[in-house]
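Worksheet: one structure, shown below.
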Amino acid sequence: MTSEDEFFMQEALKEARLADAAGEVPIGAVAVREGKIAARARNRVEANHSVSCHAEFELLRQLEAQTGDWRMTGCTLYVTKEPCLMCTGMLINARFSRIVFGLRDPAGGGCGGAVDLPALPGLLWHPEIEGGVLEEACSQIIRDFFIRARKREKKRNV
């Protein structure tokens with residue numbers, strides 16, 4: 001983990017806070033190309049009523065629109081939580097060079113948590129994976145979100 005990784009993860013955390021403020025599961029992401037942020041995104045699943053609106057998909061859509069290409073060779077993705085299987089498959093197919101995440105997800109993560117998709121030998125593309133960057137900060141924002149959600153649910157059921 002480098003100080004650059006920490007800096008860009010802080011930027012992804014800013015997006016996660018915006019998602020939290022909008023009532024979304026607080027996951028944020030930034031894409032970095034040539035040392036600069038090329039795109040920012042956050043979860044918009046509830047707002048768009050679509051499972052495909054994870055932060056990673058939102059980010060890729062922006063990058064594709066900017067570049068006119070689906071290939072993200074040379075891009076690093078910073079995301080506050082380990083990408084799920086769906087997002088990991090998409091990131092591999094989009095040819096991200098590097099995937100850096102904060103919170104590990106042993107139950108559903110696709111970058112070594114539940115499954116290690118990038119390590120499958122038959123794939124044509126194998127991004128570099130770095131996990132655990134600012135993991136405590138990334139964990140805290142999600143933990144706080146679900147604590148509040150459980151309290152709201154309890155009040156509804158009383």
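The shown structure was predicted, so the numbers you read here are calculated from the model rather than taken from an experiment.
- Closest approach of Leu91 and Pro83 over heavy atoms only: CD1-CG, 3.9 Å.
- In this structure the side chain of Val25 reaches within 4.5 angstrom of the side chain of Phe146, judged on heavy atoms.
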Quick one, Arg61 with Glu64, criterion salt bridge (Lys or Arg N to Asp or Glu O under 4.0 Å). Give me CA distance, side-chain angles, the key distance, then yes/no. CA-CA 5 Å; Arg61 288 182 188 112; Glu64 289 169 337; over 6 Å; no
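- Note that CG of Leu18 and CD of Glu24 are 11.5 Å apart. Values are rounded to the nearest 0.5 Å.
- In this structure, CZ in Phe96 is found 5.5 Å from CG in Leu60, a value given to the nearest 0.5 Å.
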Would you check, one step at a time, whether the test side chain to side chain donor-acceptor pair (under 3.5 Å) holds for Thr80 with Arg17? CA-CA 11 Å; Thr80 56; Arg17 288 184 196 99; over 6 Å; no
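- Between the CG atom of Leu59 and the CZ atom of Arg42 there is a distance of 12.0 Å, given to the nearest 0.5 Å.
- Nearest approach of Gln140 to Asp144, heavy atoms of both residues: NE2-OD1, 2.7 Å.
- Residues Met9 and Val100 meet the side-chain proximity criterion, which asks for heavy atoms closer than 4.5 Å.
- The two residues Phe8 and Ile37 make their nearest non-hydrogen contact at CE2-CG1, 3.7 Å.
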Step by step, would you call Lys81 with Glu56 a salt bridge (Lys or Arg N to Asp or Glu O under 4.0 Å)? CA-CA 10 Å; Lys81 182 182 156 295; Glu56 298 92 333; over 6 Å; no
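- Looking at heavy atoms from C-beta onward, Arg95 lies in side-chain contact with Trp70 at the 4.5 angstrom threshold.
- Transitive grouping of hydrophobic side chains (ILVMFWY, heavy atoms separated by less than 4.5 Å) brings Met90 and Ile99 into a common cluster.
- Put simply, CD on Glu82 and CD1 on Ile27 are 11.0 Å apart, with the number rounded to the nearest 0.5 Å.
- Counting all heavy atoms, side chain and backbone alike, Ala55 lies closest to Ala29 at CB-CB, 4.1 Å.
- The side-chain heavy atoms of Glu130 and Thr76, taken from C-beta on, include no pair separated by under 4.5 Å.
- Checked against Glu58 for a side-chain contact (heavy atoms from CB on, under 4.5 Å), the options Asn48, Asn43, Val45, Leu63 give a single hit: Asn48.
- Atom SG of Cys75 and atom CD of Glu34 lie 9.0 Å apart (nearest 0.5 Å).
- The closest donor-acceptor contact from the side chain of Glu46 to the backbone of Gly23 lies at 3.5 Å or more, if one exists at all.
- Cys111 and Thr88 get closest at one heavy-atom pair: SG-OG1, 3.6 Å.
- At least one side-chain heavy atom of Tyr78 sits less than 4.5 Å from a side-chain heavy atom of Arg98.
- Residues Leu103 and Ser139 share a closest heavy-atom pair of CD1-CB, 3.7 Å.
- In this structure Leu120 satisfies the side chain to side chain contact (heavy atoms under 4.5 Å, CB included) test together with Leu117, Leu123, sequence neighbours excluded.
- A donor-acceptor pair is defined here as one N or O able to donate and one able to accept, closer than 3.5 Å; no such pair exists between the side chain of Glu15 and the backbone of Val30.
- Using a 4.5 Å cut-off on side-chain heavy atoms (C-beta onward), Phe101 and Ile129 make contact.
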